[in-house]
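Quick caveat: nothing in here was measured; it's all calculated off a predicted structure.
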Amino acid sequence: MCAAAALELDPTLTWALTERGLAHRQAGHYEQAREDLERAVEADPEDLDITFEKLMLDTVEGGLEACAEQWSQLLASPVSPPDEVATRFLGLLRVLLLEPESGVAEATEEFLFANPDHEAITDALAYLTELAAVGDGVADRARQCRQLIVERALE
C-alpha cells in the first residue's frame, strides 16, 4: 500500500507520513514535506529515522551550518537495531557533514565494505544527490562520494 493511500485510511501513520514527506522533499516540495515530517516527529519524537528525514529537510532548506549541531547529536546515536550498512552509511555522513578534513574516498570505501544491497545503494545515492545541492562545502564532497559509489557499482 502506498503512503498516500495509507494516510487516507489513517492520517496518523508515522511510517506513511515519513515516506510521503521523503517523497515530497526529494521532489522539491518542501512545504508539504515539512508538514508531513513535523507531524511524524510530533507523533514519534524518539524515532531516529523520522528525525533523520526531518534533519535532511532542514539541511536542504537551510544549509548545513544551521543544522550542524543536530547532525552531530544524531550521528552520535547508535543504530537500533544494530545494522552494519546503516552504521557505515551514518559514518559516511559524519565525514561528509562534520569532518571536512577527513577523506571522502576512504569513508566511501568503508561504507561499501559492508556490501550494501541495491536498495541501500539507491538510498545512499538519493541522499547524496540532495546533499550535492546544499553548498556549505558539502556539495563537492557529496558529489565526489556519489561518483565513487556509481563507479564502484558499475565494476
Fill in: Any residue meeting side chain to side chain donor-acceptor pair (under 3.5 Å) with E109, in chain and number order, not counting sequence neighbours
R152
Practice prompt. Please determine which of K54, H29, R20 meets the side chain to side chain contact (heavy atoms under 4.5 Å, CB included) test together with D36.
Written response: R20
Worksheet item: If you group Ile, Leu, Val, Met, Phe, Trp and Tyr by side-chain heavy-atom gaps below 4.5 Å, do V95 and L125 land in one group?
Response: no
Discussion item. Rounded to the nearest 0.5 Å, what separates atom CG in L37 from atom OG1 in T18?
Written reply: 6.0 Å
Item to complete: Could you identify which residues cluster with I50, counting Ile, Leu, Val, Met, Phe, Trp and Tyr as linked when any side-chain heavy atoms lie under 4.5 Å apart, either directly or through a chain of such contacts?
Response: V41
Worksheet entry | Exercise: identify the closest heavy-atom pair between A139 and A132 | CB-O, 3.0 Å
Fill in: Heavy-atom closest contact (T14 atom, A43 atom, distance)
CG2-CB, 3.4 Å
Practice prompt. Go through the steps to decide whether R146 and T129 satisfy the test side chain to side chain contact (heavy atoms under 4.5 Å, CB included), and finish with yes or no.
Written response: CA-CA 7 Å; R146 189 179 192 295; T129 297; 2.7 Å; yes
Fill in: Where at least one partner belongs to residues 40-51, residue pairs that pass salt bridge (charged side-chain N to carboxylate O under 4.0 Å, His left out), sequence neighbours excluded
none
Worksheet item: Which residue pairs pass the salt bridge (charged side-chain N to carboxylate O under 4.0 Å, His left out) test with at least one member in residues 60-81, sequence neighbours excluded?
Response: R34-E61
Practice prompt. Provide the closest heavy-atom pair for A68 versus L98 in the form atom of the first, atom of the second, distance.
Written response: O-CD2, 3.7 Å
Fill in: Non-hydrogen atoms of G21 and A33 that approach each other most closely
O-CB, 3.4 Å
Fill in: Side-chain touch F52/L93, heavy atoms, less than 4.5 angstrom
yes
Discussion item. Using every non-hydrogen atom in the two residues, find where L55 and C67 come nearest and quote the distance to one decimal.
Written reply: CD1-CB, 3.8 Å
Discussion item. Applying salt bridge (charged side-chain N to carboxylate O under 4.0 Å, His left out), can you list everything that pairs with R143, at least two apart in sequence or on another chain?
Written reply: D140
Worksheet item: For T51, which residues count as a side chain to side chain donor-acceptor pair (under 3.5 Å) partner, sequence neighbours excluded?
Response: none
Item to complete: Name all pairs fulfilling the salt bridge (charged side-chain N to carboxylate O under 4.0 Å, His left out) condition that reach into residues 117-129, sequence neighbours left out, sorted by first residue then second.
Response: none
Fill in: Sequence neighbours excluded, every pair satisfying salt bridge (charged side-chain N to carboxylate O under 4.0 Å, His left out) that has a member inside residues 73-87
E84-R88
Fill in: Close side-chain approach of L131 to L64, heavy-atom, < 4.5 Å
no
Worksheet item: By side chain to side chain donor-acceptor pair (under 3.5 Å), which residues pair with S102, not counting sequence neighbours?
Response: E99
Worksheet item: Is there side-chain contact between I149 and F111, with heavy atoms separated by less than 4.5 Å?
Response: yes
Practice prompt. Check C145 against L96 and note the closest heavy-atom contact, atom names and distance.
Written response: CB-CD2, 4.2 Å
Worksheet item: Rounded to the nearest 0.5 Å, how far does CG of L48 lie from CD of Q73?
Response: 11.5 Å
Practice prompt. With sequence neighbours left out, write down each residue that passes salt bridge (charged side-chain N to carboxylate O under 4.0 Å, His left out) with R141, or none if nothing qualifies.
Written response: none
Item to complete: Using the test salt bridge (charged side-chain N to carboxylate O under 4.0 Å, His left out), find all partners of R25 that sit at least two apart in sequence or belong to another chain.
Response: E53, E130
Worksheet, complete the sentence: Members sharing F113's hydrophobic cluster, built from side-chain contacts under 4.5 Å between Ile, Leu, Val, Met, Phe, Trp and Tyr, are none
Worksheet item: Quick one: do L128 and L112 end up in the same hydrophobic cluster if we chain Ile, Leu, Val, Met, Phe, Trp and Tyr together by side-chain heavy atoms under 4.5 Å apart?
Response: yes
